[in-house]
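To start, the structure itself, in structure tokens.
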Amino acid sequence: MDPVAGELAEAVIGVLFIAIAAASIVAAISARPRRDAAVFWFGIFAFLYGVRLNVQSSLVAAATGAPADGFEYVEAFLTYTILIPAGLFAEALSGVGPYRMVRRTWQASCVYAAGAIVNDVLRGHHSTMWLNRIVVVLSVCVLLVHTGLAGRGRAWTREARAVAAGAALFTAVAVYET
């Protein structure tokens, strides 16, 4: 594929994620009564992912005129923090899990993200990025296993099944890319 076409596709997909995120967040906030936090956390996750796709694109960097190293820091910080709303989404979808493993996973992601951001700022480069792959794979394993187990024997709505299937597919692609 032509590199420019790939960059353009990445930017367009990023904008699509941001639009989906906006719709999800508005739907979650305006729903009465507020029953489903999963839609809200999905929206936050999709927003962060869409912004991350856009800051990865050199076309977006060129269009804004912002310094490339600033985009690199934003991308790294989003990469570190994106597991937090993913964990909150999984918890809202299927509960905290045995031994509160889902909750502990996103809480550990909070600690990791804060430590990685501070470390990168103090060192002046992305020295913690190597650890992110391990954190992502471990977190995703915990979240997927729990969500899959929680779904067994439970009457999920058609919409919840569709969201869970889409999230599982997206997660598989994200883990592969990681």
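This is a predicted model, so every value here is computed, not measured.
Under the 4.5 Å side-chain contact rule for hydrophobic residues, W130 and L83 share a cluster. By the rule that hydrophobic residues join a cluster once side-chain heavy atoms approach within less than 4.5 Å of another member, F40 and V96 end up as members of separate clusters. By the rule that hydrophobic residues join a cluster once side-chain heavy atoms approach within less than 4.5 Å of another member, L16 and L8 end up as members of separate clusters. Placement of I84 and L93 within a single hydrophobic cluster is found when ILVMFWY residues are connected by side-chain heavy-atom separations under 4.5 Å, directly or transitively. Following chains of ILVMFWY side-chain contacts shorter than 4.5 Å, one can reach L131 starting from V140, so the two form part of one hydrophobic cluster.
Minimum heavy-atom separation, T128 to A116: CG2-CB, 3.6 Å. Between V142 and M101, the shortest heavy-atom contact is CG1-O, 4.1 Å. When all heavy atoms of G14 and N54 are compared, the pair lying nearest together is C-ND2, 3.6 Å. Contact between P85 and I44 at its shortest, heavy atoms only, is CB-CG2, 3.8 Å. The minimum heavy-atom distance between S24 and G43, with the atom names listed, is CB-CA, 3.7 Å. Pairing each heavy atom of T81 with each of A113, the nearest pair is CG2-CB, 3.8 Å.
A donor-acceptor pair is defined here as one N or O able to donate and one able to accept, closer than 3.5 Å; such a pair exists between the side chain of H146 and the backbone of G95. At least one donor-acceptor pair under 3.5 Å links the side chain of E7 to the backbone N or O of S58.
Atoms CZ and CD1, from F47 and I20 in turn, are 13.5 Å apart once rounded to the nearest 0.5 Å. Distance OG/S139 to CD1/I82: 12.5 Å, rounded to 0.5 Å. Rounded to the nearest 0.5 angstrom, I18 CD1 and L48 CG are separated by 9.5 Å. To the nearest 0.5 angstrom, E75 atom CD is 9.0 Å from L53 atom CG. Atom CG of D120 sits about 11.0 Å away from atom CD of E72, to the nearest 0.5 Å.
For the salt bridge (Lys or Arg N to Asp or Glu O under 4.0 Å) condition, the pairs that include at least one residue of residues 89-110, sequence neighbours left out, are E91-R103.
Y73 pairs by the ring pair (Phe, Tyr, Trp, His ring centres under 6.0 Å) definition with F77, H126, not counting sequence neighbours.
Aromatic pair F45/F89: ring centres not closer than 6.0 Å.
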Fill in: Audit row: N132, M129, side chain to side chain contact (heavy atoms under 4.5 Å, CB included) steps and yes/no
CA-CA 5 Å; N132 193 66; M129 194 58 75; 4.1 Å; yes
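The aromatic rings of Y112 and Y80 sit perpendicular, their planes meeting at an angle over 60°, well past the 30° parallel limit.
Applying the 4.5 Å side-chain rule to ILVMFWY residues, one finds that V15 remains a lone member of its cluster.
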